[in-house]
Amino acid sequence: MWLLPALLLLCFSGCLSLTGPGSVTGTMGGSLRVWCQYESTYKGYNKYWCQGQYDTSCESIVETKGEENVEWNGRVSIRDHPEALAFTVTMQNLNEDDAGSYWCKIQTVWILDSWSHDPSDLVRVYVSPATKTPRRTTRPATTPIFLVVNPGRNLSTREVLTKNSGFRLSSPHFLLVVLLKLPLLLSMLGAVFWVNRPPRAPAGR
């Protein structure tokens with residue numbers, strides 16, 4: 001009768017001795033970091049990162065070697081921080097296959113059987129699609145419109161607009177021509193006609 005309570009106590013104490021974030025999320029092509037905290041009792045033990053639905057049958061991916069050096073396995077690295085009583089796991093260049101269940105684990109037994117159990121904590125990893133940055137579109141520069149007028153010929157407004165396609169009546173240049181330049185031009189033409197007018201004959205001759 002004492003065996004079941006003892007097993008429950010062992011499992012309960014192992015769960016409390018190691019804690020992780022519960023879940024982490026990264027983006028496609030990016031990286032993520034997992035922080036696993038442990039008690040001072042496990043300061044000198046090796047830590048490892050395990051993938052699988054159950055902690056008793058998960059597959060070890062990367063493991064520390066008892067030092068503070070970074071250990072790598074492909075795109076995954078692990079490092080122990082004894083002064084902080086924690087170890088970190090980094091996953092780089094994420095893809096959709098990296099999503100799933102993982103475990104922070106501490107190796108306390110060397111022979112795994114039905115009675116042995118390493119402290120572990122479940123971490124669920126989610127990978128979201130990378131967000132695309134909207135492309136900015138630039139409007140082409142507007143080509144300036146110049147009025148081409150033949151000095152030897154008087155053109156009407158309709159002819160001027162026909163010869164200069166794309167000229168808008170509501171454009172600032174057109175308003176400037178109508179309000180300022182056109183009256184000035186008419187005044188100059190009137191002055192020329194006034195100076196060159198034929199002299200009037202004297203009265204009585």
Any side-chain heavy-atom pair of Q51 and W103 under 4.5 Å: no
Residue that, paired with Y42, satisfies side-chain contact (heavy atoms from CB on, under 4.5 Å) out of D118, I106, L18: I106
Donor-acceptor side-chain pairing of Y45 and Q107 below 3.5 angstrom: no
Contact summary for M28 and E96, nearest pair of heavy atoms: SD-N, 3.4 Å
Test side chain to side chain contact (heavy atoms under 4.5 Å, CB included) applied to Q37 and L85, step by step: CA-CA 6 Å; Q37 196 84 31; L85 296 179; 3.9 Å; yes
Given S120, P119, C104, S101, the one that forms side-chain contact (heavy atoms from CB on, under 4.5 Å) with D55: S120
Side-chain heavy atoms of T25 within contact of S128, under 4.5 Å: yes
E59 atom CD: more than 12 heavy-atom contacts under 6.0 Å: no
Side chain to side chain, V34 and L32, heavy atoms closer than 4.5 Å: yes
C36 and T19, any side-chain heavy atoms less than 4.5 Å apart: no
Distance-minimising heavy-atom pair for T108 and H117: OG1-O, 4.0 Å
Interatomic spacing from CE in M188 to CG in L186 - rounded to 0.5 Å: 11.0 Å
The single option from H81, R33, R79 passing side chain to side chain donor-acceptor pair (under 3.5 Å) against T88: H81
Student check: side-chain heavy atoms of F87 and I78 closer than 4.5 Å: yes
Interatomic spacing from CH2 in W49 to OG in S77 - rounded to 0.5 Å: 11.5 Å
Min side-chain heavy-atom separation Y102-I61 under 4.5 Å: yes
Joint hydrophobic cluster, W35 plus V125, side-chain heavy atoms closer than 4.5 Å: no
P82 to Y38 - nearest heavy-atom pair and separation: CA-OH, 3.6 Å
Salt bridge (Lys or Arg N to Asp or Glu O under 4.0 Å) between D98 and R75, worked out: CA-CA 10 Å; D98 292 328; R75 298 177 290 109; 3.0 Å; yes
Side chains of V123 and P21 in contact at under 4.5 Å (non-hydrogen atoms): yes
Check: L94 and S31 side chains under 4.5 Å, non-hydrogen atoms: no
Test side chain to side chain contact (heavy atoms under 4.5 Å, CB included) applied to K105 and E63, step by step: CA-CA 9 Å; K105 300 194 71 173; E63 180 180 352; over 6 Å; no
Partners passing salt bridge (charged side-chain N to carboxylate O under 4.0 Å, His left out) against K47 (at least two apart in sequence or in another chain): D80
All ring-ring contact (aromatic ring centres under 6.0 Å, His included) counterparts of W72, not counting sequence neighbours: none
